[in-house]
*Asks:* 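Pasting in a structure now, in structure tokens, and then I'll have a few things to ask.
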Amino acid sequence: MPQTPRCSGFQNALEIMPAQGKCTVIVGCQWGDEGKGKIVDVLSEGVDIVARYQGGANAGHTVHVGESEFILHQIPSGVLHDGKRCLLGNGVVLDIRQFFDEYDALVKRGIDLTGRVGVSQRAQLLLPYHRMLDKAAEGAATTKIGTTGRGIGPAYEDKAGRRGVRVIDLGNPERLAKLVDSAKERVCRRLDQLGVGTGELDAAMEEAMNLGERLLSLSTDTGPEISAALRAGKRVLLEGAQGTALDLDHGTYPFVTSSNTTAAGAATGTGIGPTAIDSVVGVVKAYTTRVGEGPLPSAFEPEMDEHVRMLGGEFGATTGRPRRCGWFDSVLSRHAAQVNGLTGIAVTKLDVLDTLPELQVATAYRMPDGSVTDTFPADTWSLSSVEPVYETLPGWEAPTGHVRRLEDLPTNARAYLDRLEELTLAKVEWISVGTKRNQIIPVD
Ligand code: GDP
């Protein structure tokens with residue numbers, strides 16, 4: 001009797017072969033602004049593809065190359081390395097107008113993007129009405145979230161509400177017109193309720209739609225593209241935006257962004273399976289900052305806040321808003337290690353602490369009822385009344401910006417890093433000591 005093959009559907013053995021390449025997620029472990037852009041830029045050198053997996057133009061990743069500064073909002077930070085393929089996954093909400101502004105500005109500055117940028121066919125479009133709704137809703141809210149006003153929340157609401165417009169819809173004018181018309185009707189009604197005029201909407205929509213063909217020409221299916229690359233032995237970085245404490249599920253809800261910033265979002269946000277991911281590097285600043293509303297348990301006293309803000313240049317790359325600053329919070333970094341399954345951490349901005357005679361690290365929180373916890377509470381509201389339990393460590397009071405090897409760091413700087421590693425429960429793999437590409441210390 002001839003036997004029926006069990007897997008007769010597989011035409012191509014490659015489809016079931018394990019991937020030979022390497023896939024690493026880079027994720028922020030605090031409230032964003034940890035310096036992910038710099039770490040992604042440095043690590044991009046050794047990879048073939050860099051893909052963004054969530055968020056939109058609310059991100060502002062600052063990268064310094066030589067004397068030039070680039071602020072990347074939607075295009076992955078790997079774009080500054082020649083030849084790397086840069087993808088925007090299905091998890092992003094793509095603002096067409098802003099995307100092409102950024103694209104064209106990079107080309108103008110001499111970056112060759114030919115064939116290098118791909119956009120998921122499944123990505124949601126962020127359209128002008130999302131921005132209008134965002135600003136109007138935040139203006140009218142009693143509990144302000146401190147959004148960037150870039151339309152991110154409303155675009156994700158449309159996605160979850162199953163009424164969003166996706167990149168692929170740009171290829172079907174009839175479907176596109178239906179989706180846009182019903183969205184406009186809904187939005188105008190809502191804006192009317194909020195007392196906001198819609199005068200400029202039609203012109204802005206026309207401008208966005210005129211870019212549709214151009215966007216379609218860059219569209220791709222990011223999941224299969226990344227999977228094929230991994231099977232072919234290539235290396236891939238998945239770049240997170242914002243940070244763990246801003247994750248929709250695991251952050252300080254409701255003072256969060258509207259997507260899953262954490263590492264698991266890298267799989268759903270690009271279209272690969274979680275087993276394709278080999279490692280997860282968490283980026284932590286050597287201290288803590290937060291922009292927007294919401295609690296910051298380890299916040300500095302006002303004078304120190306101002307001092308460190310100036311030392312670290314802590315002003316938002318997207319909005320220019322001053323960031324609140326505080327001591328390193330290991331309750332949060334342990335939460336990040338747990339939620340993201342960190343395999344290692346990259347500590348940034350160590351140099352910013354060079355002049356401080358003494359440092360503190362939050363090791364636990366004293367809760368309003370007097371109990372002490374070393375795990376990150378789910379109750380965001382309790383975070384505004386917790387009292388961090390601090391451990392004091394001596395500063396190193398010496399410059400570190402020139403250091404390129406771990407053993408050349410001042411002893412107290414190494415002790416500080418050792419303590420962050422112990423408290424975070426994740427190994428330090430990279431230490432960044434300045435904005436420049438070469439100001440990085442790899443740790444074996
Ligand atoms: P991202 O959104 O996580 O990429 O972070 P941002 O770009 O908003 O903020 C990081 C800022 O810190 C940028 O201006 C970087 O150039 C800068 N930066 C990154 N790493 C270092 C570092 O090790 N030392 C110093 N002094 N600045 C750094």
Side-chain angles (χ1 to χ4, degrees), residues 25-44 50 52-80 102 148 150 152 237-247 257 261-262 281-292 307-325 328 336 345-356 399-404 409 413 416-417 420 428-443:
V25 180
I26 307 293
V27 64
C29 291
Q30 293 153 329
W31 276 279
D33 312 317
E34 298 92 349
K36 296 174 294 296
K38 153 138 189 199
I39 298 298
V40 170
D41 174 64
V42 167
L43 298 186
S44 291
V50 185
R52 269 280 300 273
Y53 60 84
Q54 45 70 232
N58 52 342
H61 298 166
T62 311
V63 181
H64 290 91
V65 182
E67 296 310 308
S68 307
E69 180 183 90
F70 295 83
I71 299 181
L72 299 157
H73 296 285
Q74 294 189 94
I75 297 183
S77 305
V79 75
L80 303 173
E102 189 173 335
T148 54
R150 300 212 161 196
I152 310 299
L237 275 188
L238 304 180
E239 174 182 356
Q242 293 87 44
T244 299
L246 293 172
D247 182 277
T257 194
T261 59
T262 42
V281 177
V283 184
V284 292
K285 216 178 269 195
Y287 48 100
T288 308
T289 62
R290 172 163 206 172
V291 74
H307 183 51
V308 173
R309 183 177 312 114
M310 298 318 283
L311 286 175
E314 296 297 351
F315 297 89
T318 301
T319 59
R321 289 182 289 184
R323 297 171 183 151
R324 288 176 281 156
C325 304
F328 187 87
I345 51 176
V347 181
T348 61
K349 297 194 135 180
L350 188 73
D351 54 297
V352 172
L353 306 180
D354 284 351
T355 53
L356 303 187
T400 55
H402 62 286
V403 177
R404 300 291 175 268
L409 277 176
Y416 182 70
L417 291 164
L420 299 198
V428 175
E429 290 185 343
W430 302 92
I431 304 156
S432 175
V433 289
T435 57
K436 295 199 163 65
R437 267 184 181 163
N438 67 349
Q439 291 181 299
I440 190 98
I441 304 171
V443 181

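Just so you know, these numbers use all the heavy atoms, side chains as well, and skip hydrogens, waters and symmetry mates. Ligands are counted one by one from 1 in listed order, and the atoms in each one are counted from 1 as well.
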*Asks:* Return yes when Gly28 approaches ligand 1 closer than 4.0 angstrom through a heavy atom, no otherwise.
*Replies:*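 The answer is no: ligand 1 sits nowhere under 4.0 Å from a heavy atom of Gly28.
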*Asks:* Out of Asp354, Val352, Ile431, which one pairs with Thr400 under the side chain to side chain contact (heavy atoms under 4.5 Å, CB included) rule?
*Replies:* Asp354
*Asks:* Sort out for me which residue in Val443, Val347, Leu43 forms a side chain to side chain contact (heavy atoms under 4.5 Å, CB included) with Trp430.
*Replies:* Leu43
*Asks:* Arg323 to ligand 1: N or O pair under 3.5 Å?
*Replies:* yes
*Asks:* Using distance alone, decide if ligand 1 has a nitrogen or oxygen within less than 3.5 Å of any nitrogen or oxygen in Gly60.
*Replies:*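 The answer is yes, given that Gly60 and ligand 1 share an N or O pair closer than 3.5 Å.
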*Asks:* Identify the protein heavy atom lying closest to atom 2 (O) of ligand 1, giving its residue, its atom name and the separation to 0.1 Å.
*Replies:*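 Answer for atom 2 (O) of ligand 1: His61 CD2, 3.0 Å.
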*Asks:* Between Glu102 and Leu72, is there a side-chain heavy-atom distance shorter than 4.5 Å?
*Replies:* yes
*Asks:* Whether the Thr289 and Asp33 side chains hold a donor-acceptor pair (N or O, under 3.5 Å, no angle test) is what I'd like checked.
*Replies:* no
*Asks:* Specify side chain, backbone, both or neither for Asp351, according to which of its non-hydrogen atoms lie closer than 4.0 Å to ligand 1.
*Replies:*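 Answer for Asp351: side chain.
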*Asks:* Which protein heavy atom lies closest to atom 18 (N) of ligand 1, and at what distance to 0.1 Å?
*Replies:*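 Sorting protein heavy atoms by distance from atom 18 (N) of ligand 1 puts Lys349 CE, 3.7 Å first.
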*Asks:* Do you see a donor-acceptor pair shorter than 3.5 Å between the side chains of Ser77 and Asp41?
*Replies:* no
*Asks:* Are any of the N/O atoms on Gly37, whether in the backbone or the side chain, positioned under 3.5 angstrom from an N/O atom of ligand 1?
*Replies:*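 Yes: some nitrogen or oxygen of Gly37 is under 3.5 Å from one in ligand 1.
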*Asks:* Tell me the protein heavy atom at minimum distance from atom 23 (O) of ligand 1, and give that distance in Å.
*Replies:*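 Here the closest protein heavy atom is Ser432 OG, 2.5 Å.
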*Asks:* Checking a contact table here: which protein heavy atom is nearest atom 10 (C) of ligand 1, and how many Å away?
*Replies:* Gly35 CA, 3.8 Å
*Asks:* Check whether any N or O atom of Gly434, backbone or side chain, sits under 3.5 Å from an N or O atom of ligand 1, and answer yes or no.
*Replies:* yes
*Asks:* Please give me the minimum heavy-atom distance between Val291 and Arg323, naming the atom from each residue.
*Replies:* CB-CG, 4.0 Å
*Asks:* Is it the case that the side chain of Glu34 and the backbone of Gly32 share a donor-acceptor pair, with hydrogens and angles ignored and the cut-off at 3.5 Å?
*Replies:*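 Flag set: sc Glu34 to bb Gly32 pair under 3.5 Å.
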*Asks:* Taking only heavy atoms of His64 into account, list the atoms of ligand 1 that are under 4.0 Å away from them.
*Replies:*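 Those qualifying, in numeric order: 16 (O).
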*Asks:* Could you identify the single nearest non-hydrogen protein atom to atom 7 (O) of ligand 1 and state the distance to 0.1 Å?
*Replies:* Thr62 N, 2.8 Å
*Asks:* Holding to side-chain contact (heavy atoms from CB on, under 4.5 Å), I want the full list of residues that pass it with Ala241, two or more places apart in sequence or in another chain.
*Replies:*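 Partners of Ala241 under the side-chain contact (heavy atoms from CB on, under 4.5 Å) test: Arg52, Gln54, Ala59, His61.
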*Asks:* Which atom names give the shortest non-hydrogen contact between Leu246 and Trp31, and what distance separates them?
*Replies:*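 Closest pair (atom of Leu246, atom of Trp31, distance): CD1-O, 3.3 Å.
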*Asks:* What I want to know is whether Lys38 and ligand 1 share at least one N or O pair that is separated by under 3.5 angstrom.
*Replies:*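 For ligand 1, there is no N or O atom that lies under 3.5 Å from one belonging to Lys38.
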